[in-house]
Amino acid sequence: MDDTPIQQLFDLSGRVALITGASGWLGNAMATALAEAGANVVVASRDERKADEARATLPTYKGSRHHAVVLDQLDEASVRRGFEDAVTKAGRVDILINNGHAADGHDLTDVTADQFQQVLANATGWFLLSRQFHGHVVHRNASGCIVNIGSMYGQVGSYPDAYEGICAASPVSYHTLKGGVIHMTRHLAVYWAKDKVRVNCLSPGPFPGPGVSQALIERLKAKSPMGRMGLPHELKGALLLLASDAGSYITGLNLTVDGGWTAW
Ligand SMILES: NC(=O)C1=CN([C@@H]2O[C@H](COP(=O)(O)OP(=O)(O)OC[C@H]3O[C@@H](n4cnc5c(N)ncnc54)[C@H](O)[C@@H]3O)[C@@H](O)[C@H]2O)C=CC1
Ligand SMILES: O=C(O)C(=O)C[C@H](O)C(=O)CO
């Protein structure tokens, strides 16, 4: 019986966490959660300046140090270089958060094959980064964990009139991507469990950022059992459960944080 006190189970002191898209709306909150739990955070972004700005906002505890690397998940060479750069700067990587994404604005009627493929390519990038991370952990004979950021829209479709008259409907390519990411999580979890690499998915519900119109927020609120939108800090607890020793026996899970959206 391990009698580690509960406070220490969530403690990430001394660990290194790499997070993609950390300059974004939810990425910044999740990077902050990792830093607040004591981790050394490596902020990855396509843009060097944005990565460094996001790094500079993170709190430090007990001598933790944060770093910034450039990584475009749609470019295989950039994924490889970005990960190597993270290892060079931080010494190693223990936790990988696949969070970055860019969806197209097109729906069923007008999306082209190239646009659709481009969105699905985000899953390829997450897979390549995960595979490199897995190799790194195995090479060090260590343990590690991956958290993929899914979506409620990887589990349920959006209702057809949700966006009508307000903006383009939630894109079909994005829904396909997120469903794929949730299932890739399960597949990698099963294969890599023996290598002490846990793989889980954290799927947010509606967490509209500053650019989302009030009209759409009202529509989404009307559908949400809790009657309100999620706030970025409300992902922190779930992220730390999956990324810390508190979740040591959890792998292959899709943990949904959606105010009840997918419950009905
Ligand atoms: N905001 C929401 O309501 C929800 C968000 N999510 C998921 O949460 C994650 C974060 O979303 P938000 O913070 O809202 O989005 P955001 O647009 O604010 O941030 C996304 C970040 O990903 C980065 N990114 C885009 N393409 C990239 C690439 N090729 N390589 C590396 N980084 C790239 C962007 O630069 C940006 O920093 C995404 O995976 C999204 O699908 C899921 C459900 C709901
Ligand atoms: O990005 C997702 O996945 C969403 O669930 C999107 C939000 O619900 C939304 O449309 C408001 O940001």
Side-chain angles (χ1 to χ4, degrees), residues 18-32 43-51 53-55 68-79 81-83 86 96-105 107 118-126 128-129 147-159 162-163 166-182 185 201-224 228-235 238-239 254-259 261-262:
L18 169 63
I19 174 165
T20 64
S23 57
W25 174 238
L26 300 181
N28 185 258
M30 290 191 277
T32 303
V43 171
S45 176
R46 288 171 298 178
D47 183 298
E48 189 171 8
R49 185 183 52 81
K50 278 191 185 166
E53 281 173 6
R55 179 202 57 76
V69 297
V70 174
L71 191 156
D72 181 348
Q73 68 202 26
L74 297 181
D75 176 343
E76 186 171 1
S78 173
V79 167
R81 273 197 310 272
F83 188 82
L96 169 64
I97 316 293
N98 280 315
N99 164 72
H101 93 303
D104 65 37
D107 196 31
Q118 180 79 354
V119 172
L120 296 191
N122 285 285
T124 311
W126 285 16
L128 294 174
L129 189 55
V147 181
N148 294 321
I149 305 305
S151 168
M152 66 187 190
Y153 287 151
Q155 298 155 252
V156 295
S158 63
Y159 58 116
Y163 297 84
I166 298 176
C167 60
S170 187
V172 58
S173 54
Y174 177 75
H175 287 222
T176 309
L177 169 72
K178 291 296 174 175
V181 159
I182 292 170
T185 299
C201 194
L202 171 57
S203 283
F207 282 76
V212 177
S213 75
Q214 197 54 39
L216 178 56
I217 290 174
E218 293 308 320
R219 272 288 163 89
L220 295 168
K221 269 164 96 174
K223 174 95 187 328
S224 172
R228 68 174 179 85
M229 302 290 90
L231 298 167
H233 74 267
E234 293 182 294
L235 288 179
L239 178 75
N254 177 41
L255 177 53
T256 307
V257 180
D258 67 353
W261 186 285
T262 55

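We count ligands from 1, going down the list as the structure has it; atoms in each ligand are counted the same way.
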Query raised in the report: Which residue and non-hydrogen atom of the protein lie closest to atom 44 (C) of ligand 1, and at what distance in Å?
Result: Gly205 O, 3.0 Å
Report task. Identify the two heavy atoms, one from Ala31 and one from Ala22, that lie closest to each other, and give their separation to 0.1 Å. Result -> CB-CB, 4.3 Å
Query raised in the report: What are the atoms of ligand 1, with element, lying closer than 4.0 Å to any heavy atom of Ser23?
Result: 37 (O)
Requested in this report: Determine the minimum heavy-atom distance between Ala68 and Arg55, stating which atoms define it.
Outcome: N-CD, 3.8 Å
Query raised in the report: If you draw a 6.0 Å radius around NZ in Lys223, do more than 12 non-hydrogen atoms from other residues or ligands fall strictly inside?
Result: yes
Query raised in the report: Among protein heavy atoms, which sits nearest to atom 33 (C) of ligand 1, and what does the distance come to when rounded to 0.1 Å?
Result: Arg46 NE, 3.7 Å
Requested in this report: Name the closest protein heavy atom to atom 19 (O) of ligand 1, giving the residue it belongs to and the distance to 0.1 Å.
Outcome: Gly24 CA, 3.5 Å
Query - Test log, rule side chain to side chain donor-acceptor pair (under 3.5 Å), inputs Gln155 and Thr256 - result: CA-CA 9 Å; Gln155 298 155 252; Thr256 307; 3.0 Å; yes
**Report entry** CA sep, side-chain torsions, deciding dist, call: Ile217, Val212, side-chain contact (heavy atoms from CB on, under 4.5 Å)
**Finding:** CA-CA 7 Å; Ile217 290 174; Val212 177; 4.0 Å; yes
Requested in this report: Note the single closest protein heavy atom to atom 30 (N) of ligand 1, along with its residue, its atom name and the distance in Å.
Outcome: Gln73 N, 2.9 Å
Query - Main-chain N/O of Leu220 paired with Ser224 side-chain donor or acceptor, under 3.5 Å - result: no
**Report entry** Candidate with minimal heavy-atom separation from atom 2 (C) of ligand 1, of Trp126, Phe207, Trp261
**Finding:** Phe207
Report task. Report yes or no: does Ala44 have a heavy atom closer than 4.0 Å to ligand 1? Result -> no
Requested in this report: Please check if the side chain of Gln73 supplies one atom and the backbone of Val79 the other of a donor-acceptor pair under 3.5 Å.
Outcome: no
Report summary line: heavy-atom search around atom 6 (N) of ligand 1 in the protein gives Tyr174 OH, 3.7 Å
Report task. Answer yes or no: is there a side-chain heavy-atom contact under 4.5 Å between Val43 and Val69? Result -> no
Requested in this report: Would you mind checking which non-hydrogen protein atom is closest to atom 8 (O) of ligand 1, with the distance to 0.1 Å?
Outcome: Ile149 CG2, 3.4 Å
Report task. From atom 39 (O) of ligand 1, work out which of Leu220, Val212, Asn99 has a heavy atom at the shortest distance. Result -> Asn99
Requested in this report: Taking only heavy atoms of Leu71 into account, list the atoms of ligand 1 that are under 4.0 Å away from them.
Outcome: 30 (N), 31 (C)
So what's ligand 2 close to, N/O to N/O, under 3.5 Å?
unit_1: ligand 2; atom_1: 1 (O); unit_2: Tyr174; atom_2: OH; d: 2.8
unit_1: ligand 2; atom_1: 3 (O); unit_2: Ser151; atom_2: OG; d: 2.5
unit_1: ligand 2; atom_1: 3 (O); unit_2: Tyr174; atom_2: OH; d: 2.7
unit_1: ligand 2; atom_1: 10 (O); unit_2: Tyr163; atom_2: OH; d: 3.0

Query raised in the report: For Ser151, does its backbone N or O pair with a side-chain atom of Ser203 as donor and acceptor, under 3.5 Å?
Result: yes
Requested in this report: Out of Thr256, Val70, Leu26, indicate the one that has the non-hydrogen atom closest to atom 5 (C) of ligand 1.
Outcome: Leu26
Query raised in the report: Atoms of ligand 1 less than 4.0 Å from Asp72 heavy atoms?
Result: 28 (C), 29 (N), 30 (N)
Report task. Show which atoms of ligand 1 fall inside a sub-4.0 Å distance from at least one heavy-atom site of Gly21. Result -> 21 (C), 22 (O), 23 (C), 37 (O)
Requested in this report: Verify side chain to side chain donor-acceptor pair (under 3.5 Å) between Thr20 and Asn99, making sure each step is shown before the conclusion.
Outcome: CA-CA 5 Å; Thr20 64; Asn99 164 72; 5.3 Å; no
Query raised in the report: Hey, what's the ring geometry for Trp261 with Tyr153, parallel, tilted or perpendicular (30° and 60° as the breaks)?
Result: perpendicular
Report summary line: Here the pair of heavy atoms bringing Leu231 nearest to Phe207 is O-CE2, 3.1 Å
Report summary line: Test side chain to side chain contact (heavy atoms under 4.5 Å, CB included), reference Leu202, set Leu26, Ile149, Ile97, output is Ile149
Query raised in the report: For Lys50 and Ser45, which heavy atoms make the closest approach, and how far apart are they?
Result: CB-OG, 4.0 Å
Query raised in the report: Identify the closest protein heavy atom to atom 18 (O) of ligand 1: which residue and atom is it, and at what distance?
Result: Trp25 N, 2.9 Å
Query raised in the report: Looking only at non-hydrogen atoms, which of Gln118, His101, Lys178, Lys50 approaches atom 25 (C) of ligand 1 most closely?
Result: His101
Report summary line: protein heavy-atom neighbour closest to atom 42 (C) of ligand 1 works out as Gly150 O, 3.2 Å
Report task. Report, in ascending order of atom number, the atoms of ligand 1 lying under 4.0 Å from any heavy atom of Leu74. Result -> 29 (N)
